[in-house]
Amino acid sequence: MSKKEEDVMELARRRGFIWAAFEIYGGASGFFDYGPLGTALKKKIETLWREFYTLGEGFYEIETTTLGIRPIFEASGHLECFMDKMVECKSCRGLFRADHVGERCPDCGGELSGPQDFNLMFKTRIGAVSDDKARSEAFLRPETAQGMFVNFPRLLRFHRNKLPFGIIQVGRAYRNEISPRQGIIRLREFTLAEAEVFVLPHEKSKHPRFHEVESVTMRLKPNYMDEELETTVKDAVERKIITHEYLGYHMARVQQFLEKIGIPLAKLRFRQHERDEMAHYAEDCWDAEFLSERFGWVEIVGVADRGDYDLRAHSLKAKADMSIPVTASKSEKMEEESRSLSVFPHVIEPSYGIDRIIYALLESSFHKEEVRGEVRRVLRLKTHVAPVEVAVLPLLNREPLVNKAREVFQMLRRHRIFAEFDASGSIGRRYRRQDEIGTPFCITIDYETLENDTVTIRDRDSMKQVRVSISELPAKLSCVCESIFA
RNA sequence: GCGCCGAUGGUCUAGUGGUAUGACCCAGGCCUUCCAAGCCUGUGACCCGGGUUCGAAUCCCGGUCGGCGCACCA
């Protein structure tokens, strides 16, 4: 294991970001809890994400059940896809899909075991049922998306039958991974933040705000090339590397969001799925991948063109037609007798793995450096995601400094700035404590404060200090709670 | 899921068939006019279950968790 990954996960555990779940009972693989600082970090990321899509894109957020009834997943393909029988080779332990192999192991020719179910969805039952009626079967959702698809008729009416529109959802999803590893990279319970953009198929080629992102430069790895290329979204769409403006637009927005919360662009690329790698519902898919020092390239966001797969499937299964009548417009030369056609909207889906993004932020913001012969660990988190926004510190643990510091501390919290107060030990020790959890600013109350009501603000990254008057503090510190969607 | 290896305070560790070492952290106190200084005091651990044994944290078996390899990851 690389030293840095050990260090960053040790820090995350010790300082209350991420803890193994059920630890006192020995834990369970693939489950993690967020501690006080991890929860604060996660909430900030989620809030910024919501703002990015609601204020930024005009999408509404909904909240649907985490448990889904059987027909949903029959229609979505998740049941069929994961009810596949798997067989195992008795000699080399290879695992294969039963429908892909014959009698013998394709690797070593060994004998294969009988078929077993390997369903990645957690199954449960609704109500007090004594039999195995399929009607009562329910599954924890493997993605939040289905809740947005099955509500499509309501959502369409809510939007007064106008397309396109986007819907977002943030919530837990569940996959019963066979063998989760790599800490919070592969979890059995995790948080997804997903946007489903419903758009008529013939409108995908033009996005009304494409010009806003057209000059965004991205690092792309198309599935038909062995090399990566770096180019603008506009160029990529024109050259058909990215198939249409809608996909390109949302890929660019994904990159902008990740950059704004602190993912270094140098460690980010978009990789197009191979044809045989694509999910069963996807027509096309580009993963935003983060280059982890520990795990290599890790998918943190998937941007998929799901086509009309889901709405078509639910329409058939539920016998609820979700196609849209499209009347022939003057601009589109349609044959006279073609009265009105009916089409299913297509879905463009940016799907963010919040836990992986948190890992990426921790790993990439973690720095270990030497200051005066001592090790300084510092999380260079962006100010607007730092769990503790400001620390208020009396220079010495002595009156009247402590009292004055408490006043400043209370004043900042009244201004909605989340501050921590710390008077223990030496001032240097307290600065280091805050560095380690990424607190961007430390306010120090010293003897000069008592004379003229000024304090020093210490910058985490440069360790430099400036003196400002107490009355200016809220304005000077407002960057810790500013929005980023604009 | 399979194979190999591992598991000692919050963290990192020493160690032995007779209940455990040190450091750091943390808490309280003293000191301290800006970057983990110093001094005093204190809290705190042998992953879980079974077996062998007078006695198991140590040996054996099983489990859990973790690392690595294989497989899996819609």
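Hydrogens, waters and symmetry mates play no part in the numbers below; they use all other heavy atoms, side chains included. These numbers come from a predicted model, not from an experiment. Sequence lines set the chain letters: A, B, ... in the order given, protein chains first and strands last, and positions in each chain run from 1.
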Using the [atom1] atom in both, what is the distance from [N] to [M], to the nearest Å?
N: B/G63; M: B/G1; atom1: C1'; answer: 16 Å
N: B/U16; M: B/C31; atom1: C1'; answer: 41 Å
N: B/A57; M: B/U21; atom1: C1'; answer: 14 Å
N: B/C48; M: B/C40; atom1: P; answer: 34 Å
N: B/U11; M: B/C47; atom1: P; answer: 13 Å
N: B/C72; M: B/C35; atom1: C1'; answer: 49 Å
N: B/C26; M: B/G67; atom1: P; answer: 28 Å
N: B/G29; M: B/U43; atom1: C1'; answer: 15 Å

**Q.** Qualifying residue, where the test is side chain to side chain contact (heavy atoms under 4.5 Å, CB included) with A/F17 and the options are A/L379, A/I358, A/T39
**A.** A/L379
Q: Between A/E374 and A/A279, just flag the one whose closest nucleotide in RNA chain B comes earlier from the 5' side.
A: A/E374
Q | Residue mapping more 5' on RNA chain B - nearest nucleotide basis, A/D435 or A/N397 | A | A/N397
Does either side chain, that of [X] or that of [Y], offer a donor lying less than 3.5 Å from an acceptor on the other one?
X: A/T454; Y: A/R467; result: yes
X: A/K42; Y: A/T191; result: yes
X: A/E420; Y: A/T439; result: no
X: A/T444; Y: A/Y431; result: yes

(Q) Among residues 20-27 of chain A, which ones have heavy-atom contacts with RNA chain B below 4.0 Å? (A) A/G26, A/G27
From C-beta outward on [X], which listed nucleotide comes closest to its side chain: [options]?
X: A/T456; options: B/C34, B/C68, B/C72; result: B/C34
X: A/I427; options: B/C34, B/G10, B/A74; result: B/C34
X: A/R429; options: B/C35, B/A37, B/G10; result: B/A37
X: A/R294; options: B/A71, B/G67, B/U33; result: B/G67
X: A/P142; options: B/A74, B/C34, B/U11; result: B/A74
X: A/E436; options: B/A74, B/A36, B/U32; result: B/A36

Can you check whether any acceptor in the base of [N] is under 3.5 Å from a donor in the side chain of [X], or vice versa?
X: A/Q465; N: B/C34; answer: yes
X: A/R433; N: B/C35; answer: no
X: A/R15; N: B/G10; answer: no
X: A/E177; N: B/A74; answer: no
X: A/S426; N: B/C34; answer: no
X: A/R432; N: B/C35; answer: yes

Q. In the strands shown, is B/A20 matched to any nucleotide by a Watson-Crick or G-U wobble pair with both distances under 3.5 Å, and which?
A. none
Q: Once you apply the 3.5 Å cut-off to both distances, tell me the Watson-Crick or G-U wobble partner of B/C39, or none.
A: B/G29
Q) Is the distance from OP1 or OP2 of B/C73 to the nearest side-chain N or O of A/R186 less than 4.0 Å? A) no
Q.
Under 4.0 Å from OP1 or OP2 of B/U32: is there any side-chain N or O of A/R398 that close?
A. yes
Q. Base, sugar-phosphate, or nothing for A/T444, non-hydrogen atoms under 4.0 angstrom?
A. base
Please give, in whole Å, the distance from [N] [atom2] to [X] [atom1]?
X: A/R188; N: B/G1; atom1: CZ; atom2: C1'; value: 10 Å
X: A/F31; N: B/G66; atom1: CZ; atom2: C1'; value: 16 Å
X: A/D446; N: B/C34; atom1: CG; atom2: C1'; value: 8 Å
X: A/R430; N: B/C34; atom1: CZ; atom2: P; value: 12 Å
X: A/R13; N: B/C12; atom1: CZ; atom2: P; value: 5 Å
X: A/L395; N: B/C35; atom1: CG; atom2: P; value: 9 Å
X: A/I185; N: B/G66; atom1: CD1; atom2: P; value: 14 Å
X: A/R376; N: B/C24; atom1: CZ; atom2: C1'; value: 19 Å

Q) Ignoring hydrogens and geometry, is there a side-chain-to-backbone donor-acceptor pair from A/E194 to A/A145 under 3.5 Å? A) yes
(Q) Looking at A/I185, is its backbone amide N or carbonyl O close enough to the side chain of A/R356 to form a donor-acceptor pair, meaning the two atoms are under 3.5 Å apart? (A) yes
(Q) Tell me the closest heavy-atom pair linking A/P222 and A/I241, and the distance in Å. (A) CG-CG2, 3.8 Å
